[in-house]
**Q** 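Here it is: the structure, laid out below.
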Amino acid sequence: MNASPSTPPTGSSDLFLEGLWRNNPVFVQALGMCPTLAVSNSARNALAMGLATLAVLVLSNVVVASIRRIVPKQVRIATYILVIATLVTVVDYAIRAISLAVHEALGAFISLIVVNCVILGRAEAFASKHGVGKSMLDGLGMGLGFCWALFCLGATREIVGSGSFFGLPVFHDGYQGWVMMILPSGGFFTLAAWVLIFGAVGRRASRRAALQQGGTR
Amino acid sequence: MTQPLRADSATPSTPGLMYRAMVGVGLGCAALIVTVFQVTRPVIARNEAAALERAIFDVLPAARTSAAFRATAEGRFERQAHAAAGDEPRVFAGYGEDGRLVGLAVEARGMGYQDVIRLLYGYDVNRQAIVGIRVLESKETPGLGDRIASDPEFLRNFERLDVTVAPDDSGLAQTIIAVKRGAKKHDWEIDGITGATISCKAVANMLQASASQWVPRIRQRIGDFEETAEP
């Protein structure tokens with residue numbers, strides 16, 4: 001795990017990068033594990049799911065931030081869930097209108113975006129306490145962080161498990177895919193590997209930054 | 001890591017305010033859902049019609065044109081100009097380049113593991129067999145149950161699934177049944193997918209129910225489909 005950020009993000013770009021790297025919802029916060037493991041068995045599915053979640057996350061952050069003053073805290077979770085469920089329904093119809101093929105691929109998981117902890121988590125932790133502009137940035141950052149985390153997993157699992165990338169074969173014809181990578185167990189292993197890589201890279205970066213700071217002092 | 005206290009937590013939370021918030025948000029959400037539903041309905045209907053067309057040519061590879069039919073109360077099959085979905089499953093006739101009937105595609109639906117599965121199957125009159133299936137709609141478990149739509153070995157079951165009609169035309173001679181992977185001995189059995197037993201059984205039951213009801217009727221009224229063929 002990365003060292004927890006000692007200073008909360010201040011500028012807009014800080015806010016945005018927070019979700020991508022320092023506080024990545026999948027690799028750092030460990031939120032939204034269910035779709036992460038289940039839909040990341042191919043790059044295309046992972047990207048589609050990530051983008052759908054990004055759309056819902058940004059919209060939900062904006063809506064929650066705009067209504068935050070009229071929602072009493074006793075009913076906030078119920079209200080947020082109402083908003084998120086509505087947005088997921090809207091995105092579901094939108095996906096069906098845009099591409100039935102993508103809708104078929106995502107199937108049951110679109111409805112599962114409602115209980116994706118990333119969305120409810122950000123609504124509660126951020127959007128309910130900050131303005132619309134900042135919440136939108138947070139939603140974008142977290143959503144893109146989720147998207148690319150999902151993509152890393154999906155690409156790895158598809159390349160190793162099916163020998164393809166976005167459906168295009170990567171290896172020679174005789175490649176026997178490692179089927180386990182496409183099944184849930186493969187998801188767990190791949191996730192663990194990526195968390196390890198992410199943590200190691202992050203730790204090395206923060207150590208280098210600390211050394212630099214120590215050097216200039 | 002302490003979060004600063006929300007300024008909004010000072011809002012007095014009387015029941016009235018709580019109701020106002022939830023009912024207000026609820027009404028707003030309802031309005032949004034209804035609007036989006038209405039706006040996307042024609043687009044989705046078009047997409048589904050296009051997907052159905054593609055599915056017909058998938059399950060009847062020799063077909064070049066198709067026509068939709070609906071069963072009338074008298075038992076005839078009447079040609080429809082538009083293939084709108086209804087209560088009764090639709091039957092599509094596929095015609096080859098020379099305008100001759102090559103096969104029929106029948107809609108079937110049934111309860112799967114998660115939710116209703118809709119599929120289309122192609123029927124070859126001469127070979128008395130189902131020659132292909134295409135899953136139109138399913139919410140089966142991704143990676144397991146949804147392999148009924150994509151697993152090549154599972155789909156191979158349907159290259160020639162025996163649906164010979166019983167001698168008295170009351171149904172099928174043999175019951176379509178799903179068996180364990182590798183245990184298939186007869187042409188009317190379906191080799192299942194390991195880990196997706198219920199989804200496979202659902203497909204078998206759907207095909208059995210649909211074929212036993214429709215195949216005898218189609219065979220009896222086969223003329224309805226041929227006489228309207230356009231060269």
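Letters A, B, ... are given to chains in the order of the sequence lines, protein chains preceding strands, and every chain is numbered from 1.
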**Q** Hey, which of I98(A), T89(A), V90(A) has the most heavy atom pairs under 4.5 Å with chain B?
**A**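 Top option by heavy-atom pairs under 4.5 Å: V90(A).
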**Q** Return yes when atom NZ of K184(B) has more than 12 non-hydrogen atoms of other residues, nucleotides or ligands closer than 6.0 Å, and no otherwise.
**A** yes
**Q** Could you tell me which of N47(B), D115(B), V36(B), V135(B) has the largest number of non-hydrogen atom pairs under 4.5 Å with chain A?
**A** N47(B)
**Q** Pick one of side chain, backbone, both or neither for E137(B), based on which atoms fall under 4.5 Å of a heavy atom in chain A.
**A**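 Neither; nothing under 4.5 Å.
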**Q** If I measure from the heavy atoms of chain A, does R46(B) come under 4.5 Å with its side chain, its backbone, both, or neither?
**A** neither
**Q** Let me know if T79(A) has heavy atoms under 4.5 Å from chain B in its side chain, its backbone, both or neither.
**A** both
**Q** Does atom CZ of F171(A) have more than 12 heavy-atom neighbours from other groups under 6.0 Å away?
**A** yes
**Q** Crowded around Y113(B) OH? As in, over 12 foreign heavy atoms under 6.0 Å?
**A** no
**Q** To the nearest 0.5 Å, tell me how far R76(A) CZ sits from M18(B) CE.
**A**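 R76(A) CZ to M18(B) CE: 12.5 Å, rounded to 0.5 Å.
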**Q** Among I33(B), L136(B), V43(B), which residue forms the greatest number of heavy-atom pairs with chain A at distances under 4.5 Å?
**A** I33(B)
**Q** Distance check, rounded to the nearest 0.5 Å: I44(B) atom CD1 versus L100(A) atom CG?
**A**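 If I round to the nearest 0.5 Å, the distance is 7.5 Å.
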**Q** Around atom CZ of F188(A), are there more than 12 heavy atoms of other residues, nucleotides or ligands at under 6.0 Å?
**A** no
**Q** Would you give the length of the straight line joining atom CD of Q74(A) to atom CE of M22(B), rounded to the nearest 0.5 angstrom?
**A**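 Q74(A) atom CD to M22(B) atom CE measures 12.0 Å (nearest 0.5 Å).
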**Q** Taking the side chain as every heavy atom from C-beta outward, state whether R96(A) and T40(B) have any atom pair closer than 4.5 Å.
**A**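 They are not in contact (no side-chain heavy atoms under 4.5 Å apart), so the answer is no.
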**Q** Considering the options L87(A), L82(A), I84(A), which one meets the side-chain contact (heavy atoms from CB on, under 4.5 Å) requirement together with C29(B)?
**A** L82(A)
